[in-house]
Amino acid sequence: MNRKYPRARWHDYEGGIYFITVNTRDNVHYFGEITDGEIQHTEIGRILSRAIGQIGLHYRNVSVDSYIVMPDHFHAIVIVEPKPRVISSDTGCLRPPIHADEGDDFRKRNHFNATLSQAIGGVKSFLTRQAHAMGIDFRWHTGFYDRIIRDQREYDQCVAYIENNVGDWAFRHTASE
C-alpha cells in the first residue's frame, strides 16, 4: 500500500504560517477530558501544553501564535520565519508560499528535515520520552497534518477554530450521545 505524501511538494516549509494538527494513535485521550465545556488536562497534557508554548526556545526561527491541547490531539498555528535568503520587504503579515527556483526539482525534496517537521517532531519526541518516563504507554499517530495559511481570512478562521475547539468538541460529543 502506498501512503499519500502529506506535504505540499511545491512548498519548502522553511518559511510560512501553518495550521497544524497532531493526533494520538487510535485517538486515545492521553491529554485530558472535557467536562462542563472546559478541558481538564492530565499531567502529560500539561507537559505538552508547556512544550508547545516553549517551542521558540528550541527552534529560534519558529514560534507558536495560538494553540489548544485537546484530549487526543493538539492544534497550533506555527510560524516559521524564513531564512534571510527568502525575506522580502513586501511580505506583509502572511508570507507567500516559497516555490521552486529555476532548476529546483521539488519532487525530489525531503520535507522531513524542513524546519517545520523538525519542530513538530521535536515536540512529539519530547512528549513521548516524558510519557514513557511516567510509565504511560503513549503513542502518536504517524506524522502530522498541516495547512499552509495563505491569507488573513484563513489565519482568522484557524484562530477561531482553535478558540472554539473545546466548545465544539463538547457539542459534538453531547449531540452524539
Side-chain angles (χ1 to χ4, degrees), residues 3-25 27 30-32 39 41 43-88 91-100 104 106 108-134 136 138-152 154-159 161-163 165:
R3 190 170 151 211
K4 183 180 177 231
Y5 186 72
R7 302 282 141 332
R9 293 199 180 270
W10 50 265
H11 188 73
D12 74 0
Y13 292 89
E14 291 295 337
I17 301 176
Y18 309 92
F19 177 71
I20 303 296
T21 302
V22 184
N23 296 303
T24 62
R25 182 181 286 170
N27 299 93
Y30 293 109
F31 308 135
I39 183 78
H41 287 125
E43 180 63 21
I44 201 70
R46 288 188 291 276
I47 291 170
L48 173 59
S49 187
R50 281 191 303 272
I52 296 167
Q54 296 176 353
I55 203 165
L57 298 175
H58 305 282
Y59 301 90
R60 67 175 185 209
N61 62 326
V62 177
S63 60
V64 175
D65 199 43
S66 181
Y67 68 93
I68 184 77
V69 174
M70 298 296 287
D72 62 353
H73 67 280
F74 74 87
H75 298 291
I77 295 176
V78 178
I79 301 169
V80 178
E81 292 296 332
K83 294 177 181 173
R85 64 178 172 76
V86 294
I87 290 179
S88 167
T91 57
C93 173
L94 303 173
R95 280 84 178 164
I98 300 162
H99 298 282
D104 188 5
F106 267 177
K108 295 181 180 174
R109 284 201 177 207
N110 178 346
H111 291 115
F112 299 111
N113 291 324
T115 302
L116 180 64
S117 292
Q118 289 176 1
I120 300 302
V123 169
K124 290 175 70 174
S125 178
F126 169 77
L127 193 74
T128 299
R129 287 190 310 273
Q130 295 296 308
H132 290 172
M134 296 168 67
I136 300 169
F138 177 81
R139 299 284 183 264
W140 288 108
H141 179 76
T142 303
F144 63 93
Y145 302 99
D146 73 88
R147 175 175 178 79
I148 301 166
I149 299 175
R150 296 183 176 116
D151 59 33
Q152 190 65 49
E154 282 186 49
Y155 177 86
D156 293 342
Q157 287 174 339
C158 292
V159 169
Y161 186 86
I162 287 171
E163 289 174 351
N165 207 243

Close side-chain approach of [X] to [Y], heavy-atom, < 4.5 Å:
X    : Y    : value
I55  : F126 : no
V123 : L48  : yes
I162 : F19  : yes
V69  : I39  : no
F74  : S49  : no

Neighbour count >12 (heavy atoms, 6.0 Å) for atom CZ, R60:
no

Does L116 offer a backbone N or O that forms a donor-acceptor pair with the side chain of Y18 under 3.5 Å?
no

Mind checking the [atom1]-[atom2] spacing from [X] to [Y]? Nearest 0.5 Å is all I need.
X    : Y    : atom1 : atom2 : answer
C158 : E163 : SG    : CD    : 11.5 Å
T21  : D146 : OG1   : CG    : 9.0 Å
I17  : I148 : CD1   : CD1   : 11.5 Å
K124 : H141 : NZ    : NE2   : 8.0 Å
E43  : I136 : CD    : CD1   : 8.5 Å
L127 : M134 : CG    : CE    : 9.0 Å

Could you tell me which residues satisfy side-chain hydrogen bond (donor to acceptor under 3.5 Å, both in side chains) with [X], sequence neighbours excluded, listed by chain and number?
X    : answer
T128 : W140
Y30  : none
D72  : N27

Applying side-chain contact (heavy atoms from CB on, under 4.5 Å) to I77 and Y161, what does each step give before you reach the verdict?
CA-CA 11 Å; I77 295 176; Y161 186 86; over 6 Å; no

Minimum heavy-atom distance [X]-[Y], with the two atoms named:
X    : Y    : value
A119 : V62  : CB-CG1, 4.2 Å
G122 : Y59  : CA-OH, 3.5 Å
P71  : G32  : CB-O, 3.1 Å
V22  : G143 : CG1-O, 4.4 Å
Q54  : H58  : O-CD2, 3.5 Å

Using the ring of each side chain (for Trp, its six-membered ring), is H75 parallel, tilted or perpendicular to H73, with breaks at 30° and 60°?
perpendicular

Aromatic rings F138 and F31: how do their planes relate, parallel, tilted or perpendicular, breaks at 30° and 60°?
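The rings of F138 and F31 sit tilted, inter-plane angle from 30° to 60°.
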
